[in-house]
Colleague: 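Below is one structure. I have some questions about it.
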Amino acid sequence: MQGPVSHSESVIDLLRDLSGSRSEDYTEETIIGSDINQIRHVFYFLRSERQQVLINYMGESYRAVVERVDNQRIILSTPDLIEGSARRCRIKFEIINILYQFEVPILDLSRDRIVIRMPAFVQSARHRKNVRVYPRDLFMRFNLLYLPMFGRRGVGQIVENRYPKIVRELEKDVPDLALLIRIVNEAVSEISSEYEFKIYDPNVKRNFLERVMMSEKKTLYVKDTSRKDSYYSPLGLYGIINFEKEFRRIAREETLEEAENFFEKYRREELTQFLANYICAPLVVLDKVVGHILIYSTVLDKKMIVPEDAQKIDLLVQLLNYALSKRSLADAYYRTHNTRVVNLSMNGLLFELQDQNVFNYLIDHDRLKIRIPIHSHEVEVRAEITRLLPAEKGFRVAVSFFHGAPDDFRALESFVFERVQHMFR
């Protein structure tokens, strides 16, 4: 049986071939639960242990730590968080192998701090209503269930209206990468005729720009190579970076003068290549940077690349990256029934994983389409991840069913009943 790693590599190979380069109502939605006092104690624990919290805000993920817990609010330190128009976010963290997740209103927001309302409740712990069975011979297949990456308003509505073909492909179980690459190519060529798709060779040492791509996993934009401060002065563009973080790192580890000298030298090197300005967007498969798209203008060009171009490319590449990851998952986990089901009930199931990259990716993409062969019928359900657990040989993922056809649930009920009957023979 071919493993997930080889399937991921096949997506990278395919990408290399295709690219020519070898409601405003705030709710506190949660997953695991307790009352508000227990929730408060959880946040006190996070603060005392300085444990990281994952914040998903306007499609971007940030890592934070709890600085203060008040009666009804929580203050988190979030370096480099960029304020947008949204006034709610989703936070996730894990304690003792339990994944907690809340969608909460934002009370205050700045570049390095976010204040959220204390979640009021989570689902109460309760006795299991449906019996759980432990089949040893049941294997399923699964893939991501597409949800609008940017919501359905604002940027999300722009995506739906401007790129309906891309959205239709992302909704499919197996996106057509050739079609998506052509769409992105056309959009890139409208901005500049000078561009390249580059897939990284793991045997070749990465240059400075590529190392930044692999570290930051964000679109980078240098506005003007004739000005040194263009490389590290704050851009003020949501989700788009320059070399500001690297500049701060060098200044912190060495001196401010050394940092300025480094980027002056780097600027002169790029001028010898006649670069005027450029955008570099990472190509990411399951949270791993495998290459980039570099779009640039030269000093001989009449047209410069403007910030709006950088935002357009960033949007397109995020959509493309989702398609790459979904295709990788489809190749590894959706084409054949090779994922073992550990236990099953009418409410949900627990399944096994061995690939840590996939496990990490599912933390942020927690809606799945699952197909389970039961007798002569293949049950199809939609599920939401409720817990992610490390196991002796890999990982385990618990999901809760939230949608399925009546016939599918009848088949599940019949299967569970048969297994229960078998247990008591």
Side-chain angles (χ1 to χ4, degrees), residues 23-128 217 245 248 252 287 347-348 350 353 356 359-367 384-392 395-400:
S23 119
E24 297 305 316
D25 292 331
Y26 298 124
T27 59
E28 287 77 22
E29 297 177 356
T30 63
I31 290 181
I32 295 296
S34 160
D35 61 29
I36 192 166
N37 289 326
Q38 290 173 308
I39 296 171
R40 185 174 288 110
H41 287 309
V42 164
F43 283 101
Y44 279 128
F45 175 83
L46 291 173
R47 186 190 65 178
S48 64
E49 297 297 318
R50 302 296 291 174
Q51 185 170 323
Q52 285 194 336
V53 175
L54 187 68
I55 298 178
N56 190 282
Y57 177 68
M58 294 191 69
E60 292 285 333
S61 293
Y62 302 93
R63 298 193 180 276
V65 292
V66 177
E67 291 292 341
R68 184 176 173 184
V69 181
D70 287 340
N71 188 35
Q72 293 295 332
R73 64 177 194 161
I74 300 157
I75 302 173
L76 301 104
S77 173
T78 54
D80 303 319
L81 185 139
I82 301 175
E83 182 175 1
S85 58
R87 281 299 174 266
R88 64 179 177 180
C89 66
R90 175 174 287 192
I91 62 173
K92 295 183 181 182
F93 52 87
E94 184 178 313
I95 297 178
I96 317 177
N97 292 338
I98 298 177
L99 175 69
Y100 290 84
Q101 177 174 275
F102 305 89
E103 187 168 333
V104 293
I106 297 173
L107 303 178
D108 190 25
L109 183 64
S110 63
R111 185 174 178 82
D112 59 356
R113 190 186 75 157
I114 184 169
V115 182
I116 62 173
R117 185 191 301 165
M118 175 79 70
F121 65 91
V122 292
Q123 296 171 356
S124 299
R126 58 186 180 272
H127 294 294
R128 179 171 297 277
K217 301 176 185 177
K245 186 176 287 187
R248 290 181 177 180
R252 182 176 62 253
D287 210 35
N347 286 335
L350 182 73
L353 277 177
Q356 185 167 1
F359 180 80
N360 292 337
Y361 192 75
L362 292 182
I363 293 175
D364 290 325
H365 300 82
D366 54 7
R367 294 289 182 97
E384 183 174 19
I385 294 173
T386 56
R387 285 197 288 179
L388 297 116
L389 312 168
E392 184 178 350
F395 309 93
R396 290 185 172 182
V397 181
V399 302
S400 175

Colleague: If you compare all heavy atoms of Q51 against all heavy atoms of F45, which two are closest, and at what distance to 0.1 Å?
Modeller: OE1-CE2, 3.7 Å
Colleague: Taking side chain to side chain donor-acceptor pair (under 3.5 Å) as the definition, give me every residue that meets it alongside Y62, ordered by chain and number, with sequence neighbours left out.
Modeller: none
Colleague: Using a 4.5 Å cut-off on heavy atoms from C-beta on, say whether the side chain of R50 contacts that of V65.
Modeller: yes
Colleague: Which heavy atom of V115 sits nearest a heavy atom of R73, and at what distance?
Modeller: CG1-CD, 3.8 Å
Colleague: Using side-chain heavy atoms (C-beta onward) and a distance below 4.5 Å, is L353 in contact with L362?
Modeller: yes
Colleague: Might you confirm whether atom NZ of K245 has over 12 heavy atoms from other residues, nucleotides or ligands at distances under 6.0 Å?
Modeller: no
Colleague: Answer yes or no: is there a side-chain heavy-atom contact under 4.5 Å between F395 and L388?
Modeller: no
Colleague: Atom CG of L107 and atom CZ of R117: how far apart are they, to the nearest 0.5 Å?
Modeller: 6.5 Å
Colleague: Does some side-chain heavy atom of L76 sit less than 4.5 Å from a side-chain heavy atom of R113?
Modeller: no
Colleague: Can you give me the closest heavy-atom contact between I106 and L109, atom names plus distance?
Modeller: CG2-CB, 4.1 Å
Colleague: Donor-acceptor pair, distance only, cut-off 3.5 Å: does the side chain of T78 make one with the backbone of A64?
Modeller: no
Colleague: Within a radius of less than 6.0 Å around CD of Q356, do more than 12 heavy atoms belonging to other residues, nucleotides or ligands occur?
Modeller: no
Colleague: If you define the side chain from C-beta out and look only at heavy atoms, does anything of R387 sit under 4.5 Å from L350?
Modeller: no
Colleague: Would you mind reporting whether I91 and F43 have side-chain heavy atoms less than 4.5 Å apart?
Modeller: yes
Colleague: Minimum heavy-atom separation for M118 and I74, please, with both atom names.
Modeller: SD-CD1, 3.8 Å
Colleague: Under 4.5 Å between any side-chain heavy atoms of E384 and R367, yes or no?
Modeller: yes
Colleague: Could you tell me the separation between the OH atom of Y44 and the CZ atom of R68, rounded to the nearest 0.5 Å?
Modeller: 10.0 Å
Colleague: Going by salt bridge (charged side-chain N to carboxylate O under 4.0 Å, His left out), name the residues that satisfy it together with R252, two or more places apart in sequence or in a different chain.
Modeller: none
Colleague: So do the side chains of R90 and D366 get within less than 4.5 Å of each other, counting heavy atoms only?
Modeller: yes
Colleague: Go through the steps for R63 and L54 under the test side chain to side chain contact (heavy atoms under 4.5 Å, CB included), then give the verdict.
Modeller: CA-CA 5 Å; R63 298 193 180 276; L54 187 68; 4.2 Å; yes
